[in-house]
Amino acid sequence: MPIASLTTGVIARIMHGEDVPQPVLQILGIKRINTNTDQERFRLLMSDGKYYNSYAMLASQLNEMQHKGLLNENTIVRLDKYMTSMVGKEGSGKRVLIVTEVTVLNSGDEVKTKIGEPVTYENAAKQDTVPKAAPVTASAPVKKEQSYNNNNNNNNNNTMNSTMNGTLNASLTHPIASLSPYQNKWVIKARVTSKTAIRTWSNARGEGKLFSMDLMDESGEIRATAFKEQCDKFYDLIEVGNVYFFSKCQLKPANKQYSQLKNDYEMTFTGETMVQLCDEDDNGGIPEIKFDLIPISQVSNMENKEAVDTIGICKEVGELQTFTSRTTNKEFKKRELTLVDMSNAAVTLTLWGDEAVNFDGHVQPVILVKGSRINEFNGGKSLSMGGGSILKINPDIPEAHKLRGWFDNGGGDNISTMVSARTGGGSFSTDWVTLKDARIRNLGSGDKPDYFQCKAVVHIVKQENAFYKACPQTDCNKKVVDEGNGQYRCERCNAAFPNFKYRLLINMSIGDWTSNRWVTCFSEVGEQLLKHSAQEVGDALENDPATAEKMFSDINFSSYIFKLRCKNEMYGDMTRNKLTVQSMSPINYREYNKHLIKELKEMTGIGPAN
DNA sequence: CCCCCCCC
């Protein structure tokens, strides 16, 4: 007999109430379930090759087929008659598929294997467009003793996924996506994708400690939390990346406010909870932790609070900072890293707690982060570790080795996009203003500086006085006085040093389509502009005019989006309007065109001005 | 039963 084709995707339709005639499905498992009566009932795990459904039952008149071994694993069947029915509480119930007439098309021995890589229909249905048909009118309510809410039953041996001899019988595990508070006889086989540190709490309702972890299998993900005794019992056993069998946890609705996982429920460990490490050779079917690595430059285009997986070199590492939260009065420790990657972008990543304390960034390791959150402030976006985030230092993956090679060969010297740079002025968006309009509108004449952005081209960068020798102390950029004896004196620090650091103070002319202006760049932007460190620029200007000339002329006639600070300043008795470059970034044409289209609409009155 | 991750 040729192997029959499954009616791909039909389970999602059926479980949405559609009456599809004679669907062809594969049986992936069949188990006797407990009922509160002596009546024998069989539960089926059915697949259509795309989705599976573990909420299927065999009508008792068909039990004989199972006794004869006709419905073994992998059997392909045609459902000649079936119905669906809601069980469980009003509004929160599950739809159960009840099979009343069935024809075997291919025996399990003939088929031998699972067809396709089915996922749970509940998960998949959210992204698929499933036509919503009227519920099947023929569905009769399932009697309680026939439903799965058989929690009072003592005889575990016949349950699907039973607990045997104190170890977890994993021959047929439940998909995470099928877990619900209405059914607690299950074993899941799941990979731990993240684990929090142990945290203590103390409030009006009591005190205690806990840790939580995120679990994942092919069907979905769920958060699990272990309190107090369970926290102590399981904390060391649980390792991120390992696969375990879990059973006997309590399910409850997830508070979406606190969890970004795609699951309506979350689990709490109980005194009965069992956790057992799964051998590596038995891990099949449990996906590896997936990193959707995005280039750092792309973070600029993402929304506040979005999750980011990325990889970069820790180019700079900040000091450990300790502070007390004003809202909670709790003490926090944090450390900020600067990550760079081959998109020539840099972003700040904040580590917390022990991860911040123990971090050693001086070796400039490769940092891989999963599930970090975007925090937006004044137009800059930075990343922060939070619940569910994973940090890996020097992970052994090709991307990491590639980055290492890139960075060790000077790759990180040409950072052009500062994702975390703030535009200042306290506003989240910077107005687009042309250079001419900035003059006409007298920007910068108020008490506070004005900030605006424009697209402009670099005309010429002045080499004269492009750098100065500054105090070598961190956080002091004051110009030093060369005392002529190998000592450099800083008036602010009131000290002399044998060394100094170069700082940039670059004047250049930029132009947009309306006008041109001289603007000033300080070191951070200047390094970005010239694609060399202040040290290299200073060295070249002092010792190597040809190299300096190339550095300065290379960027002529290149266009950027400039974010500018505009302020009137007094020079003696003269007031001059001064423009300082806050940041410059390559032109994001998608964003820039949006701005142009908006202006066109406003100008012409055609279309809404958004 | 937690659910805090500040500030600019």
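Note on naming: letters A, B, ... go to the chains in the order of the sequence lines (proteins, then strands), and numbering restarts at 1 for each one.
Judged by atom type and distance alone, A/Glu266 reaches the base of B/dC2 through a side-chain donor-acceptor pair under 3.5 Å. Side-chain atoms of A/Lys330 and base atoms of B/dC5 include no donor and acceptor less than 3.5 Å apart. The base of B/dC2 is not paired with the side chain of A/Arg205 by any donor and acceptor separated by under 3.5 Å.
A/Lys501 places a side-chain N or O within 3.5 Å of a backbone atom of A/Gln473 that can act as its donor or acceptor partner. With hydrogens and angles disregarded, no donor-acceptor distance shorter than 3.5 Å links the side chain of A/Lys189 to the backbone of A/Ile286.
The aromatic rings of A/His595 and A/Tyr592 lie tilted to each other, with the angle between the two planes from 30° to 60°.
Taking side-chain N and O atoms only, A/Arg199 has a distance below 4.0 Å to OP1 or OP2 of B/dC3. A/Asn203 has a side-chain polar atom (N or O) that falls below the 4.0 Å cut-off from OP1 or OP2 of B/dC2. Within the structure, a side-chain polar atom (N or O) of A/Lys252 is placed less than 4.0 Å from OP1 or OP2 of B/dC1.
Within 4.0 Å (heavy atoms only), A/Gly353 reaches no atom of the nucleic acid at all. Contact annotation for A/Ser384: no contact, since no heavy-atom pair falls under 4.0 Å across all strands. Within the nucleic acid shown, A/Arg335 has no heavy atom closer than 4.0 Å to any nucleic acid atom.
For the pair A/Lys290 and A/Asp292, the salt-bridge criterion is met [side-chain N within less than 4.0 Å of a carboxylate O].
The NZ atom of A/Lys334 sits 10 Å away from the C1' atom of B/dC5 (whole-angstrom rounding). Remark: P of B/dC4 and CG of A/Asp354 are 20 Å apart, rounded to the nearest angstrom. A/Asp232 places its CG atom 19 Å from the P atom of B/dC1, with the value rounded to the nearest Å. A/Glu376 has its CD atom 14 Å from the C1' atom of B/dC8, to the nearest Å. Between A/Leu320 atom CG and B/dC7 atom C1' the separation is 15 Å, expressed in whole Å. When the P atom of B/dC4 is taken as reference, atom CG of A/Leu351 falls 21 Å away, rounded to whole Å. Separating the CD atom of A/Gln321 from the P atom of B/dC8 is a distance of 13 Å, rounded to the nearest angstrom. One atom, NZ of A/Lys333, and another, C1' of B/dC7, lie 18 Å apart when rounded to the nearest Å.
Heavy-atom distances to DNA chain B give each of A/Glu207 and A/Thr196 a nearest nucleotide, and the one nearer the 5′ end belongs to A/Glu207.
Looking at the side chain of A/Arg422, the nearest of the listed nucleotides B/dC2, B/dC6, B/dC8 is B/dC8. The side chain of A/Phe377 lies closest to B/dC8 when the candidates are B/dC6, B/dC2, B/dC8. Distances were taken from every side-chain heavy atom of A/Thr268 (C-beta onward) to each of B/dC6, B/dC3, B/dC1; the shortest belongs to B/dC1. Comparing B/dC1, B/dC6, B/dC3 by their nearest atom to the side chain of A/Phe323 picks out B/dC6. Side-chain proximity of A/Phe332 to the nucleotides B/dC7, B/dC5, B/dC2 is greatest for B/dC5.
Annotation: side chain of A/Asn242 is not in contact with side chain of A/Val192 (no heavy-atom distance under 4.5 Å).
B/dC3 has its base stacked against the ring of A/Tyr258, the centroids being under 5.5 angstrom apart at an interplanar angle below 30°.
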Let's go through A/Phe227 and A/Phe269 carefully: what are the C-alpha distance in whole Å and the side-chain angles of both, what is the deciding distance for ring pair (Phe, Tyr, Trp, His ring centres under 6.0 Å) to 0.1 Å, and is it a yes or a no? CA-CA 7 Å; A/Phe227 290 96; A/Phe269 281 20; 9.7 Å; no
